[in-house]
There are 2 protein chains.
Amino acid sequence: MQKEHSLSKNQKIIFDLIDKSGGPMKAYSILFNVQKKGIKAPLQVYRALDKLVEIGKIHKIESRNAFIACQNSSCQVSKATAFSICESCENVSEISNSKLSKYLSSFSDNSGMKYSKYNLEFFGLCKKCKSK
Amino acid sequence: MQKEHSLSKNQKIIFDLIDKSGGPMKAYSILFNVQKKGIKAPLQVYRALDKLVEIGKIHKIESRNAFIACQNSSCQVSKATAFSICESCENVSEISNSKLSKYLSSFSDNSGMKYSKYNLEFFGLCKKCKSK
DNA sequence: TTATAAATGTTATATTATTACATAACGTTA
DNA sequence: TAACGTTATGTAATAATATAACATTTATAA
């Protein structure tokens with residue numbers, strides 16, 4: 001059992017918002033949504049996001065500049081992330097497939113580089129959008 | 001043998017710059033470097049970049065907001081990309097490993113989604129930086 | 001050659017993210 | 001509990017990345 005990281009006030013406000021949204025959120029959309037809670041400046045949002053990413057509570061979807069709550073309860077630190085992204089409706093979900101993560105975590109090539117982290121983004125059409 | 005895509009004037013200027021640089025370049029650094037060639041506005045750069053990405057001559061390194069020339073001569077269209085990124089010196093190189101690309105191109109899970117494209121970024125320390 | 005698509009030029013602006021500096025709250029341990 | 005170091009917060013300004021809108025020109029191909 002790992003120690004729960006206790007979130008600060010701003011971190012909690014921002015994590016709860018992202019988590020409840022159920023999907024990816026962009027920084028300035030987050031800002032807009034938390035202004036009533038007293039978080040007024042972009043930097044306050046980015047600082048909380050940075051910390052939440054660091055401790056694995058959220059992940060950044062790099063191709064979308066957006067942040068999503070970790071959907072994988074066992075993932076306390078985000079060193080190995082994979083997402084599927086629908087290019088039509090922009091729905092994003094985290095892939096948790098142990099075969100895939102094992103394969104990638106142990107991947108090595110002849111570059112002499114030891115990989116400590118990866119991020120994988122798959123693109124396509126989700127079930128709903130495909131059938132339209 | 002695939003048809004060579006013939007580049008327009010701006011596309012050629014910008015591709016040549018990125019290609020000669022040998023590494024990833026950021027859009028505004030590209031802009032700065034091509035101003036003497038008459039390309040004066042960000043949009044001119046972004047339009048060329050968009051096209052070059054579309055036809056697979058360059059790839060975007062999403063986590064760095066940077067663009068790198070395709071190092072894989074057989075890759076005319078970039079639907080399957082993998083990179084290794086050194087977190088210390090920021091050196092980037094394209095991974096061309098047929099096992100990896102086969103594995104990922106054929107990857108499917110139970111989401112009902114058909115993946116038509118992926119991008120994978122590995123992070124770590126390169127040989128040089130490791131030995132420092 | 002004419003019409004259609006692709007590329008260019010230009011200005012303005014939107015979006016995403018960081019620097020710099022000051023202050024406050026928290027956790028440890030002497 | 002006082003003193004210290006660390007983490008978090010507040011605020012203003014600005015840097016870096018990217019797109020919208022519109023006018024014009026060039027290339028392609030029917």
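No hydrogens, no waters, no symmetry mates; every other heavy atom, side chains included, goes into these values. In what follows, chains carry the letters A, B, and so on, assigned in the order in which the sequence lines appear, proteins first and then strands, with residues in each chain numbered from 1.
Whole-Å rounding puts the I61(B) CD1 to dT17(D) P distance at 14 Å. In this structure, L49(B) places its CG atom 15 Å from C1' of dA7(C), rounding to the nearest Å. Across the protein-nucleic acid pair, R64(A) atom CZ and dT15(C) atom C1' stand 16 Å apart, rounded to whole Å. Computed from coordinates, the K51(A) NZ to dT7(D) P distance equals 7 Å when rounded to whole Å. At whole-Å resolution of the value, NZ in K60(A) and P in dT17(D) are 11 Å apart. Between the CD atom of E62(A) and the P atom of dT16(C) there is a distance of 13 Å, given to the nearest Å. Distance, I14(B) CD1 to dA7(C) C1': 12 Å, rounded to whole Å. The distance from atom CG of L31(B) to atom P of dA18(D) is 13 Å, rounded to the nearest whole Å.
Between N10(A) and K26(B), the residue anchored nearer the 5' end of DNA chain D, judged by the nucleotide with its closest heavy atom, is N10(A). Where P42(A) and S8(B) meet DNA chain C, the nucleotide closest to each residue was compared, and S8(B) sits on the side nearer the 5' end. Place N65(B) and Q44(B) on DNA chain C by their nearest nucleotides, and Q44(B) ends up nearer the 5' end.
The environment of NZ in K130(B) is crowded: more than 12 heavy-atom neighbours from other residues, nucleotides or ligands sit within 6.0 Å. The environment of K102(A) atom NZ is sparse: at most 12 non-hydrogen atoms of other residues, nucleotides or ligands sit within 6.0 angstrom.
In this structure, the nucleotide among dA7(C), dA8(D), dA17(C) sitting nearest to the side chain of A27(A) is dA17(C). Distance from the side chain of R47(B) is smallest to dC22(D) among dA18(D), dC22(D), dA7(C). Relative to the side chain of L43(B), the nucleotides dA8(D), dT10(C), dT11(D) differ in distance, and dT10(C) lies closest. Of the candidates dT9(D), dT16(C), dT11(C), the closest approach to any side-chain atom of Y46(A) belongs to dT16(C).
Looking at heavy atoms from C-beta onward, I39(A) lies out of side-chain contact with I30(A) at the 4.5 angstrom threshold.
One N or O donor and one acceptor, one from the side chain of Y28(A) and one from the base of dA17(C), sit under 3.5 Å apart.
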Verdict with supporting geometry, E87(A) and K117(B), salt bridge (charged side-chain N to carboxylate O under 4.0 Å, His left out): CA-CA 10 Å; E87(A) 291 186 294; K117(B) 207 168 94 183; 3.3 Å; yes
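Between S111(B) and D109(B), the side chains place a donor N or O and an acceptor N or O closer than 3.5 Å (distance only, hydrogens not considered).
Using a 4.0 Å heavy-atom criterion, one finds that K12(B) contacts no nucleic acid atom at all.
A close approach under 4.0 Å does occur between a side-chain nitrogen or oxygen of K40(B) and OP1 or OP2 of dT10(C).
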